[in-house]
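Notes follow once the structure below has been shown.
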Number of protein chains: 2
Amino acid sequence: MARTREFDDNAVLDAATDRFWRQGYAATSVRDLGEAMGLVPASLYNAFGSKHALFALCLDRYLDRNMRERIERLEAKQPPRVAIETFLNEIVARSLADPRGCLLVNSALEVAPHDAEIGAVIAARLAELEAFFHRCVIAGQRDGSITAAPSARDLARLLLTTVMGLRVLSRARPEPALLRGAARQALTLLDPPACTN
Amino acid sequence: MARTREFDDNAVLDAATDRFWRQGYAATSVRDLGEAMGLVPASLYNAFGSKHALFALCLDRYLDRNMRERIERLEAKQPPRVAIETFLNEIVARSLADPRGCLLVNSALEVAPHDAEIGAVIAARLAELEAFFHRCVIAGQRDGSITAAPSARDLARLLLTTVMGLRVLSRARPEPALLRGAARQALTLLDPPACTN
DNA sequence: CTCATTCTAGAGCGATCGTTTTAGAACATC
DNA sequence: GATGTTCTAAAACGATCGCTCTAGAATGAG
């Protein structure tokens, strides 16, 4: 019926995501995106509608491939306490290795407060992450690997907070001792009480 | 020797800080700043040199009047454990009441990664906050109000991380139960062990 | 092949960016 | 009160912003 598209959607969306990730939403221009994607602005608009729509698409793809993938992988194959430990350790390792930080956290501060649509997506994904921690804590309390004393809800809330905090700290102070120390201390929260006195 | 300035430095810097705080560095234009400050762009440049220099000035002022003031006030008049509790509770209350969030955290993600000069300022201030927590933990361990079991360094690192995390979460999910729950759980970290079994 | 449709390329839209220039008003010094 | 410096006001600098338009090339359906 017409001419076929010359580019691969997956490849160009990866390129666009990298730009938003690296530079933020506002600081990434359409020409910048087009150059990285190998597209002229007109093709970009023809294919994705607007800069805003393209960003929403990139953010969704990013979250599916990073956060959601990690949750499903860990929850399927690890006991609950280990799943939490591995999650935090992976966040620390990622934060130290990748100077772009986390697109979700970056966007929570830059975009969410001024964009209700993106803000709702981000809030929902953060709630998903909190729910993952909550399920792990409940299961860990049941199998005895996690202390039963504190509220599972609050424990999950603090774990979520810790992940956010690690992501922020790593942008200004990407120091292994700092991030690893904080994560280590967060994990001791989970320890069942051992009567030492 | 010459004509005297018509505006009050404190007032215009307050206005500029509010704009940067509310909208971020990149999203705040010089015309925007000038309008808020009651200055024409030429006066702004004459007085402060550049948008970047103005931002650096605003950030410094902000940190002195918020973070540093809070640390000094709490450390002078509160026992160490109470100082930490009050600090976290004030952060939660502020986060819930002020939709602008924290200029330090906002800038740590938006500006620090792409601006070595501002990045160094932010890293130094975060280290100051960590040091405050560390001093409180040491003193609290000495007076018995804080558990002696974990490393004081790691405890301080996690408290710093928690503050950062609360500030991020509040921008996308300004829910009292979420922030208060996370802060409450962070504070239980400090409890000396009570043998319950 | 013809034709309608959708693609790409690149110039160009008005608006706004950070910054500077130009012109003139206000003040401290001599 | 003249002088010289520093202020304010407003226009304007080139560059870039998100986005669209105009051409023309490429394709599938009939």
Side-chain angles (χ1 to χ4, degrees), chain A residues 1-59 106-107 110-118, chain B residues 1-59 106-107 110-118:
Chain A
M1 217 192 296
R3 181 174 172 181
T4 54
R5 197 165 282 174
E6 288 184 3
F7 58 89
D8 172 44
D9 272 47
N10 262 312
V12 302
L13 285 175
D14 282 345
T17 302
D18 176 70
R19 289 296 189 182
F20 284 131
W21 197 349
R22 199 175 294 279
Q23 320 177 33
Y25 177 75
T28 303
S29 74
V30 172
R31 282 165 187 82
D32 205 5
L33 287 165
E35 201 169 327
M37 301 162 85
L39 295 185
V40 86
S43 295
L44 193 157
Y45 276 84
N46 177 53
F48 302 107
S50 71
K51 180 187 174 184
H52 186 268
L54 175 60
F55 177 75
L57 199 56
C58 289
L59 181 61
N106 299 354
S107 305
E110 188 201 349
V111 187
H114 308 97
D115 184 321
E117 182 193 331
I118 302 287
Chain B
M1 220 192 298
R3 181 173 173 182
T4 53
R5 198 166 280 175
E6 288 184 2
F7 58 89
D8 172 44
D9 270 48
N10 261 313
V12 301
L13 284 176
D14 281 346
T17 302
D18 177 70
R19 289 297 189 180
F20 283 131
W21 196 351
R22 201 175 293 280
Q23 318 178 39
Y25 177 75
T28 303
S29 75
V30 172
R31 282 164 187 82
D32 204 5
L33 288 164
E35 201 170 327
M37 301 162 86
L39 295 186
V40 85
S43 296
L44 193 156
Y45 275 84
N46 177 52
F48 302 106
S50 71
K51 179 186 175 185
H52 185 268
L54 175 61
F55 177 75
L57 200 58
C58 289
L59 181 61
N106 299 353
S107 304
E110 188 201 349
V111 186
H114 308 98
D115 185 321
E117 181 192 330
I118 303 287

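Naming convention: chains lettered A, B, ... in sequence-line order (proteins, then strands); numbering from 1 in each chain. This is a predicted model, so every value here is computed, not measured.
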ask   = Does A/E110 reach the main-chain N or O of A/Y25 with its side chain, forming a donor-acceptor pair under 3.5 Å?
value = yes
query = For A/F55 and D/dG18, what is the distance between atoms CZ and P respectively, to the nearest whole Å?
reply = 13 Å
message = Quick check: on DNA chain C, is the nucleotide nearest A/N46 upstream (toward 5') of the one nearest A/R31, or the reverse? Name the residue that is more 5'.
response = A/N46
request  = Please state how far atom CG in B/L39 lies from atom C1' in D/dT6, giving the value in whole angstrom units.
outcome  = 15 Å
Euclidean distance, atom NE2 of residue A/H52 to atom C1' of D/dG18 [Å, nearest integer] = 13 Å
ask   = Would one find a side-chain N or O of A/S43 under 4.0 angstrom from OP1 or OP2 of C/dT8?
value = yes
ask   = Looking only at side-chain N and O atoms, does A/T4 come under 4.0 Å of OP1 or OP2 in C/dC7?
value = no
request  = Take atom CZ of A/F48 and atom P of C/dT8, then tell me their distance rounded to the nearest Å.
outcome  = 10 Å
query = Taking atom P of C/dG18 as reference, at what distance in whole Å does atom CZ of B/F20 sit?
reply = 9 Å
query = With nearest nucleotides of DNA chain D determined for B/F7 and B/P41 from heavy-atom distances, which residue corresponds to the more 5′ nucleotide?
reply = B/F7
inquiry  = In whole Å, I'd like the distance from the CD atom of A/E35 to the P atom of D/dC17.
reply    = 11 Å
message = Distance to the ring centre below 6.0 angstrom and angle to the axis at most 45 degrees; does that hold for A/K51 and A/F20?
response = no
note = Of B/K51 and B/A42, the one whose closest nucleotide on DNA chain C sits nearer the 5' end is B/K51
remark   = B/Y45 OH to C/dT22 P, in whole Å, measures 18 Å
task = Mind calculating the distance between CG (A/D32) and C1' (D/dC19) to the nearest angstrom?
result = 16 Å
Beyond-backbone contact of B/L13 with B/L54, side-chain heavy atoms, under 4.5 angstrom = yes
key: Aromatic ring pairing A/F48/A/F7, orientation class (parallel under 30°, perpendicular over 60°, tilted between)   = tilted
